[in-house]
Amino acid sequence: MIKQLFKFIGGVHIPQYKDISCNTTIQQAPIASQLVLPLSQHIGSPSVPIVHIGDHVLKGQTIAIAEDYVSVNLHAPTSGQIIAIEPRAIPHPSGLPAQCIVLQSDGKDQWRERKPIAEDYRQLDPSKVRNLIREAGIVGLGGAGFPSFIKMNPGPSGHIDTLILNAAECEPFITCDDRLLQERADEVIQGLFILRYALQAKHCVIAVEDNKAKAITALNKALETVDQSCIQVTAIPTIYPAGGEKQLIHTITGRQVPSHGLPIHIGVVVQNVATAAAIYAAIFRDEPLISRIVTLTGDVSRPTNYEVLLGTSMQSLIEQSDDSPQNKIKRIIMGGPMMGFAMHSSDIPIIKTCNCVIVDKGLTAELKQHGYTMPCIRCGQCADVCPAELLPQQLYWYTKSAQWQLSQDYQLFDCIECGCCDYVCPSYIPLVQYYRYAKAQIWEQERETEKSDHARERHEFRLERIEREKKEREERHRQKKAALGKKDTDPKGEKTKPDPKKAAIIAAMERVKQKKAQQNIQAKNTDNLTVAQKKQIEEADARRKKVNDEDSSS
Amino acid sequence: MLTAVIVLSVLAGIFGLLLGYAAVRFKVEGDPLVEKVDKLLPQTQCGQCGFPGCRPYATAIVNEEADINQCPPGGEATIHALADLLNRDPKPLNPENGEEQGKTVVYIDEENCIGCTLCIQACPVDAILGAAKQMHTVIESECTGCDLCIPPCPVECIHIKPIQQHWNTWAWPAPQISEATKTNNLLESASHD
Ligand code: SF4
Ligand code: SF4
Ligand code: SF4
């Protein structure tokens, strides 16, 4: 059991802005008439559609399946008709479209047949439970979207000593996990039991930031009714980014996840609370992941949390909450203000990883963007707050001068893009943007190298092929010449042309000669013959001669 | 004393043989420096550098017969990488060789293709599929955008197009920042240290 908490290095205290949305209950968002479901709502390869345009589907029916290991299924959030499978706008910083299944709802919201296994999951093999979670399309709902079933595998060592349920929710504005715990703590705890069963974890810790007193009370109350011997609710200090995976593990266990390692390597698994609730719904109600809780906040009239069907457009959600929706919206941010990114339009669907939508109309001071930057003064404040213990200003300089190798030597890829350095920088340098750019450049270069290696291979292969073909031609040439070697030169020493026709004639003549020679061989049984026998032979010879003569004259 | 001398000479002999064997057995084919230079070139095989392909250009660079700034597809990045490797000063791309341009591929206007196979013979990476008198197609993923297939085409049905941006290979752009401007005196004095 946890007796002592550890403090991670760095981090910042930032205004929370959580009160805006955390005091109202979770609202059911209405079913939109059209749902747009991107095939890639998770980390890993996109799922592959198994429905066709015109198909009628039921709520919860699988519409796309995982073909690769790191992937999950996708389900119809409501009943209706598939009207398109085509590229549509998705929540992505590029603003580029991606393949989506478009579902026209029929308004009946009719479920497929459901067969919950409920408590019986304990009779199943853990690998079977994992598979059910995969089929239910469940991914990390905290924002990263990593397929959950992979993180439910204890690995070859099979030794997980701590399972942490992450309810830190450290980014400002976001309150969906807080509300979930206040209203559905029992579901979260049931989900935790399922996770614990799959992982065979020794301890379970539910980590909540200490500014969420109501959530903690709700959790403790829900725990009273179950066997809680291995579960502990821990309030952790409120500091951003306490909910970062590595930071949370350090806070709870005091252990460091190695630079290129995973939490599982040190016997720890972290799952988000909303993920646990989704797992509960999948096992106890046979409901795949077709909706999620989204905080809608910022400059809207009625900020709150919504339970939203996947594929619902942000626009329709904003209309629900705002009396003047199209009024001077400057930006729509998906995710928190620290790590989220701006949308390119409002007609973008809610996906599995979308925990928060912030509407910015320029009224909230914290969302203000500085229109300018100043040179780095090497104050070192960024290094003080970096929770990954990096040297942000060094990384910034190396990125500016395109020294990618050096920035990698300074562990650019350990940067979690939390934005703490950005936040404290007195020169308003958009540091995270530089790191994202640097990472993208390095990946781009890797792709380029791969591509050029491939091109080189193909080019060399082609040269080789041309060379081989040339050799083969020469070889054929040479063989023919050799075959005609003797006849190649006539007595005068002049080279005759090796004509295939002539060669064929010569070869045929050779064969005939041989045949004749064979016929001239005397039979061995011709001694001591009777007169009658000799006569017979003579007759036969005469016949043969006649045939031979005809043969050679033809 | 004598044993030591004998043991050491035997050992020396053995290692000598081993090294000799290794030198023969694991002989490095070709010039490793040419190999390294070739690795930095984009392998477009377009010949804009004035050599019949990337490797000949790499050989020429190593033999100091060509400068490091003659590869337009590689552009500035390649010049810097070459300068780093060869310890030379980077210089701007030689305009005689061409300009650095965005990445492109080609496509065949299939309506007009007469199936002459001339482009297939020109393509250095076998990126074109087709047979005599049949319509030809460019395999986009294999095309390096060298444009060598364009001039041989007798009906001019091969065209250049930019590579399509895809959301999952999209790269974050460099931050667009406006450094402190004169509009704010206080800020300006800060920016001048
Ligand atoms: S906080 Fe900003 S100004 Fe200070 S060292 Fe870091 S990057 Fe430079
Ligand atoms: S110009 Fe560059 S890409 Fe083209 S052949 Fe020469 S080295 Fe290769
Ligand atoms: S298809 Fe044309 S442009 Fe593409 S690699 Fe081949 S020759 Fe070059």
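Lettering of chains follows the sequences in order, A, B, ..., and the numbering in each one begins at 1. As the structure is a computational prediction, the values presented were derived from the model and not from experiment.
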Of the backbone (N, CA, C, O) and the side chain (C-beta and beyond), which part of [X] lies under 4.5 Å from a heavy atom of chain B, both, or neither?
| X | value |
| --- | --- |
| A/P426 | neither |
| A/I90 | side chain |
| A/K451 | side chain |

Contact winner vs chain B - [options], heavy-atom pairs under 4.5 Å:
| options | result |
| --- | --- |
| A/K439, A/Q441, A/R447, A/E444 | A/R447 |
| A/H92, A/E457, A/Q445, A/Q433 | A/H92 |
| A/E460, A/E448, A/H459 | A/H459 |
| A/P97, A/A402, A/A438, A/P93 | A/P93 |

So if I apply the ring pair (Phe, Tyr, Trp, His ring centres under 6.0 Å) rule between A/Y410 and each of A/Y435, A/Y396, A/Y398, which one comes out positive?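 That would be A/Y398.
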Would you give the length of the straight line joining atom SG of B/C119 to atom CD1 of B/I108, rounded to the nearest 0.5 angstrom?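 Going from the SG atom of B/C119 to the CD1 atom of B/I108 covers 4.5 Å.
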Please look at [X] and chain A and tell me whether the side chain, the backbone, both or neither of the residue comes under 4.5 angstrom of a heavy atom of that chain.
| X | value |
| --- | --- |
| B/E142 | side chain |
| B/K39 | both |
| B/T169 | both |
| B/H166 | backbone |
| B/Q121 | backbone |

Is it true that atom [atom1] of [X] has more than 12 heavy atoms of other residues, nucleotides or ligands lying nearer than 6.0 Å?
| X | atom1 | result |
| --- | --- | --- |
| B/E76 | CD | no |
| B/E140 | CD | no |
| B/E99 | CD | no |

Determine, step by step, whether A/L395 and A/Y434 satisfy the side-chain contact (heavy atoms from CB on, under 4.5 Å) criterion, reporting the C-alpha distance in whole Å, the side-chain angles of both residues, the deciding distance to 0.1 Å, and the verdict. CA-CA 8 Å; A/L395 292 174; A/Y434 279 96; over 6 Å; no
Run the ring pair (Phe, Tyr, Trp, His ring centres under 6.0 Å) test on A/W443 and A/F413 for me, step by step, so that the C-alpha distance in whole Å, both residues' side-chain angles and the decisive distance to 0.1 Å come before the verdict. CA-CA 11 Å; A/W443 286 323; A/F413 284 96; 5.6 Å; yes
What residues form a side-chain contact (heavy atoms from CB on, under 4.5 Å) with B/Q101, not counting sequence neighbours?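 So B/Q101 forms no side-chain contact (heavy atoms from CB on, under 4.5 Å) with any residue.
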Options B/C123, B/C143, B/A127, ranked by heavy-atom pairs under 4.5 Å with chain A, top entry: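 Maximum pair count with chain A is reached by B/C123.
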If you tally heavy-atom pairs under 4.5 Å against chain A, which of B/A77, B/P124, B/P173, B/A171 wins?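 Most heavy-atom pairs within the cutoff with chain A belong to B/P124.
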Between A/K330 and A/D360, is there a side-chain N and carboxylate O pair less than 4.0 Å apart?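 No salt bridge links A/K330 with A/D360.
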